[in-house]
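Remarks on the structure that follows.
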2 protein chains.
Amino acid sequence: MNLQLRYAGVMKDDAPIRRSPVSLAECNLSRSFELIGDRWTLLILRSAQHGLRRFDDFQADLDIPRTVLSARLASLVETGIMDKRAYREVGQRARVEYPLTKMGRALALPFMAMTQWGDKYLGGKKLPLTLRSRTTGGKISVAYVDEKGRAVDMTDIEIVIDPAARRRAAKKRKPRTSA
Amino acid sequence: MNLQLRYAGVMKDDAPIRRSPVSLAECNLSRSFELIGDRWTLLILRSAQHGLRRFDDFQADLDIPRTVLSARLASLVETGIMDKRAYREVGQRARVEYPLTKMGRALALPFMAMTQWGDKYLGGKKLPLTLRSRTTGGKISVAYVDEKGRAVDMTDIEIVIDPAARRRAAKKRKPRTSA
DNA sequence: TCAGCAAAGTCCATAAAATGGATTCAGCAG
DNA sequence: CTGCTGAATCCATTTTATGGACTTTGCTGA
C-alpha cells in the first residue's frame, strides 16, 4: 500500500500529468460521486449499511435536518440505491421505510475499503468495527485480487485506459478574464 | 455481492435496527467522510490519483471555483492527505504543487472499489479504466480477502463490533417541539 | 531594462443550500 | 373525539458555493 498506481506503458514518471485521462462525464468514479458524494448522503448510507431503514431513525441517528433527509432519501430512491416501500408493525398503521436495494448493499465493499483506510490513518489502536470469517473466524479485509481470487501486490498493478474513453479535445477553455 | 453484511450473533434479522452500533464520533468511516466526503474534495482526490498536482491543473481539470479549490487543498494538506511543496521547472520560477502523501495514495483502494461499483451499476458496456497485472496481464479487481490472501464470499463474512465502542447511552433526545 | 506572461492565489457580490424550529398530515389507540 | 407518532413540509436565518475580476511573484524575450 505504498506506491501510487501507475498507468500502463508510462515510462517517464516525473513529467507532471496535467489532465485526468478520463473525462468527468465518462468516469464511473465521478459519476458515483455525483450520486452519493456529499456528506449527508454518505452518512445516510452508512446508517443504512448498518440496517437502518426509517425516516425518524435516520434523523435521530445522524441528527440531520429533516428537510435534508427528505431530499436525500428521495434522490437515493430515484437513483435506485434505496427502495421506498410500506411496512406495518402490529397494531400500527402502514408507514414508509427505505431499505437498500442490491445496488445500495453493494456499496458495502467501497465503504469497508474506506473504513479500512480510516482505521489505518485516522483511528486509534482499537478498531470499533471489523470483519471476520464465519467459518474460520479469521480476519477479513479488502484488497486487490487477480482473476483466481489471489491477493496481489500494488506494485504488480497497472492502470489501463480504454483509448475510446480518452479525454477528448477539451471544449475550448474560456479565457481567464473575459471583460 | 448479493447479501448485506450481517452482524455476528444476530439471529432475528427482520426486527429493524434503530441505531447504528458505532457512534459517529468513533466510526472511522464517518471520520473519513468528514475529511474527504464532499463533492469537490472527492473530485480533487480523483484528479490527484490520476497524478495531477498543480493548482491550475486541478482548476482546469474540474472547472472548480478557485476559492473552493484553495480552501479544499488547504484542508487536505492540514489533514495529511496532500503535501504542499515547491517545484521548479527549468527556466521558471519556483511554484507550489500538491502531491498526495502516502495516506492520500492509499485512497486508491477505496476509490477503485467505488469505481468498480460505478462500473457495475452506472456504467455502460465499456469500462474506461481498468486494472491489470503487470506480470500476467490478468484483470485485477477489489474484493474481500482472508488472512491468507484468498478472496472470500460475502456470505461467509460477519461484522464484529468492539463492545467498548458500542454506542453509548445517547445524550438525551431533545423533544420535537420545545416552545 | 522592462512589458508580458503564467501560476497561484485573494476579493467580492450574488446565488444556492443547509439549518432548526414550527407546522401539517394520516390513521390507529384509548 | 383526542392524543400520539412517523413522515414529512414550510419558513426565516445562516452558511457555503459560485464566478468574475484583481493581485502577486519572478521568470523570459525584445
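Numbered from 1 within each chain, the chains take letters A, B, ... in sequence-line order. What you see below is based on every heavy atom in this structure, not just the backbone, and it leaves out hydrogens, waters and symmetry mates.
- Using modelled atom types and a 3.5 Å distance limit, the side chains of Tyr87(B) and Arg54(B) yield a donor-acceptor pair.
- Among the nucleotides dA7(C), dA21(D), dA17(D), the one closest to any side-chain atom of Trp40(B) is dA17(D).
- Between the CG atom of Leu52(A) and the C1' atom of dA7(D) there is a distance of 15 Å, rounded to whole Å.
- Nucleic acid contact class of Tyr87(A) (heavy atoms, under 4.0 Å, all strands): sugar-phosphate only.
- The CD1 atom of Ile64(B) sits 10 Å away from the P atom of dA17(D) (whole-angstrom rounding).
- If you take CZ of Arg95(A) and P of dA29(C), they are 11 Å apart, rounded to a whole angstrom.
- Within 4.0 Å of Arg88(B), counting heavy atoms only, lie sugar-phosphate atoms of the nucleic acid but no base atom.
- In this entry the distance linking CG of Leu43(B) with P of dA17(D) reads 13 Å, nearest Å.
- Comparing dG20(C), dA8(D), dA26(C) by their nearest atom to the side chain of Val96(A) picks out dA8(D).
- A donor-acceptor contact closer than 3.5 angstrom is absent between the side chains of Thr101(A) and Asp83(A).
- Between the side chains of Asp61(A) and Ser47(A), at least one donor N or O lies within less than 3.5 Å of an accepting N or O.
- Proximity of residues 67-79 of chain B to DNA chain C (heavy atom under 4.0 angstrom from any strand atom) is restricted to Thr67(B), Ser70(B).
- Between the side chain of Arg93(A) and the base of dA26(C) there is at least one donor-acceptor pair of N/O atoms closer than 3.5 Å.
- Straight-line distance from the CZ atom of Arg54(B) to the P atom of dG9(C): 13 Å, rounded to whole Å.
- When rounded to the nearest whole Å, the span between CG of Asp57(B) and C1' of dA8(C) equals 11 Å.
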